[in-house]
Amino acid sequence: LPNRLKGNEKSVWVEYIQLALQYKPLNLGQGFPDYYAPENVTNALAAVAKSANPLMQQYTRGFGHPRLVNAIAKFYSKLINRDLDPNKEVLVTAGAYEALYSSLQGHTNSGDEWIIIEPFFDCYVPMVQSAGGIPRYIALKPKSTSGTVTSGDWVFDRKEMEGLFNEKTKGIIINTPHNPIGKVFTLDELQFIADLAKKWNALVISDEVYEHIVYEPYKHIRIATLPGMYERTITIGSAGKTFSVTGWKIGWAYGPANLLYNLQVVHQNSVYTCTTPTQEAVAIGFELEMERLEQPDCYFRSLAMELLPKRDYMAKFLREVGMVPTIPEGGYFMLANWSALENKVKLHEETDENKDYRFTKWMTKNVGLQGIPPTAFYGPEHKTLAEDYVRYCFIKKDENLKAAAKILKRWV
Ligand code: PMP
Ligand code: GLN
């Protein structure tokens, strides 16, 4: 392995998906719906496969299929109240992953520092490091750990954040709504980060893949809309999350042309272009939803309404078995503290260094329920903060959530 990739050998997804295949637990691990995606997009994809236009099955424009970049530009122009140029201010990527990768490869010189908020979507760190950058960590910490804990209780220390910015800072990566906590960053928090980014002339990569999954009364705020921030922000989205089609692997980045240019250079020399039929279908999905944006049946609203009872049901059964869930304000993951159940788990039967890995592996093998160990989302220094937690995904059929409740209740 070349030096620049050393230290990045381990992936929680590779490991836990293999475990799930082997032990066949009820899978509340990896984040994906276990039920049908909305017909708007699946019908569109089926139609594209049989399209009268033979070019639908061939390469499309490298920086994004014209119909899709037009739809994305139109959609976000409305949301951020600024006219986006579909050809220069939007890039379609192979999932949000590639948007993150192209952003970090395209904007990192050796020794540049990126501020990363823990817990973080795990790929941020290997992406920063393989680009020659240095991750600087700051952890969200819960203000309280008993009673009703919500994702809003998890906050960063402002002095500590301030102290991380310096002349070597290239930028900060934020994720709102947040995976795995479900935190929806407040205007005040985003403004604080924005002011530091401006003060230190730093970039912001804003991972907003769960932008439409926000529970009332919380509101998703795009940091790119704060004064003076569009110029320094790359915002990232995902069709997988937006339309519940994680297997399609279509994502995008939008931002000012000069910043997106660097991503284009990475993209054109690696992925070059994304699949045409899925881009066409996602474009159709956007066009249809844009026509009914203000209506309750718009998927960008109905999805969160569909998930809310699932969230509440999960929180209830986790509490009933003695865990302390953090109620998420957005997204479809729930962090739960399982330390009250520690005496029921034979942690010594597993060999991993971190307790949450031992807990989740033991549960997968012996109880038949899979969750994700959240220390995977922390840098080396702060893993102990998350060892008593597990992450469960609740974008699952009601019957499977019920089955999960049953499995846990039978066990405790
Ligand atoms: N960012 C976050 C916070 C995620 O949870 C995910 C996982 N879907 C991604 C990025 C990657 O998204 P995609 O599947 O579109 O590559
Ligand atoms: N984003 C999803 C999650 O957090 C899937 C990530 C992955 O499979 N790499 O579970």
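When a ligand or atom number is given, it counts from 1 through the structure's own listing order.
For the residue pair Asp207 / Tyr124, a side-chain donor-acceptor distance below 3.5 Å is found, with atom types taken as modelled.
Lys249 NZ: more than 12 foreign heavy atoms inside a 6.0 Å radius. Counting heavy atoms of neighbouring residues, nucleotides and ligands inside a 6.0 Å radius, atom NZ of Lys365 exceeds 12 of them.
Nearest non-hydrogen protein atom to atom 9 (N) of ligand 2 is Tyr97 OH, 2.7 Å. Regarding atom 2 (C) of ligand 2, its nearest protein heavy-atom neighbour is Lys241 NZ, 3.7 Å. Residue, atom and distance of the protein heavy atom nearest to atom 8 (O) of ligand 2 are Gln30 NE2, 2.6 Å.
Here Tyr332 has no heavy atoms under 4.0 Å from ligand 2, in either its backbone or its side chain. Contacts with ligand 2 closer than 4.0 Å are made by no heavy atom of Phe32, backbone or side chain. Counting heavy atoms closer than 4.0 Å to ligand 2, residue Asn179 contributes side-chain atoms (C-beta onward) but none from N, CA, C or O.
In this structure, Lys396 is positioned above the aromatic face of Phe32, its NZ or CZ under 6.0 Å from the six-membered ring centre and within 45° of the axis. At least one test fails for Arg311 against the ring of Phe394: distance under 6.0 Å to the centre or angle within 45° of the axis.
Within the listing of ligand 2, atoms 1 (N) sit less than 4.0 angstrom from a heavy atom of Tyr210. In summary, the atoms of ligand 2 found under 4.0 Å from a heavy atom of Phe121, numbered by their order in the structure, are 1 (N), 4 (O), 6 (C). Those atoms of ligand 2 that come under 4.0 Å of a heavy atom in Phe333, given as number and element, are 3 (C), 4 (O), 10 (O).
Qualifying salt bridge (charged side-chain N to carboxylate O under 4.0 Å, His left out) partners for Glu160, counting only residues two or more places apart in sequence or in other chains: none. With sequence neighbours left out, the salt bridge (charged side-chain N to carboxylate O under 4.0 Å, His left out) criterion links Lys78 to no other residue.
Between Glu349 and Arg358 there is no salt bridge, since no side-chain N of the basic residue sits under 4.0 Å from a carboxylate O of the acidic one.
Looking at Phe121 and Tyr97, their side chains come closer than 4.5 Å, going by heavy atoms from C-beta outward.
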Show every donor-acceptor pair shorter than 3.5 Å between a side-chain atom in residues 21-31 and any protein atom, with sequence neighbours excluded, or say none if there are none.
from: Lys24; atom 1: NZ; to: Leu21; atom 2: O; distance (Å): 3.1
from: Asn27; atom 1: OD1; to: Gly29; atom 2: N; distance (Å): 2.8

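The shortest N or O to N or O distance between Ile17 and ligand 2 is not below 3.5 Å.
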Show me a pair-per-line table, with atom names and distances to 0.1 Å, of protein N or O atoms that are under 3.5 Å from an N or O of ligand 1.
from: ligand 1; atom 1: 1 (N); to: Asp207; atom 2: OD1; distance (Å): 3.4
from: ligand 1; atom 1: 1 (N); to: Asp207; atom 2: OD2; distance (Å): 2.5
from: ligand 1; atom 1: 5 (O); to: Asn179; atom 2: ND2; distance (Å): 2.8
from: ligand 1; atom 1: 5 (O); to: Tyr210; atom 2: OH; distance (Å): 2.6
from: ligand 1; atom 1: 8 (N); to: Lys241; atom 2: NZ; distance (Å): 2.9
from: ligand 1; atom 1: 14 (O); to: Lys249; atom 2: NZ; distance (Å): 3.4
from: ligand 1; atom 1: 15 (O); to: Ala96; atom 2: N; distance (Å): 2.8
from: ligand 1; atom 1: 15 (O); to: Ser238; atom 2: OG; distance (Å): 2.7
from: ligand 1; atom 1: 16 (O); to: Ala96; atom 2: N; distance (Å): 3.0
from: ligand 1; atom 1: 16 (O); to: Tyr97; atom 2: N; distance (Å): 3.0
from: ligand 1; atom 1: 16 (O); to: Lys249; atom 2: NZ; distance (Å): 2.7

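Ring centers of Phe243 and Phe300: under 6.0 Å apart, within the cut-off.
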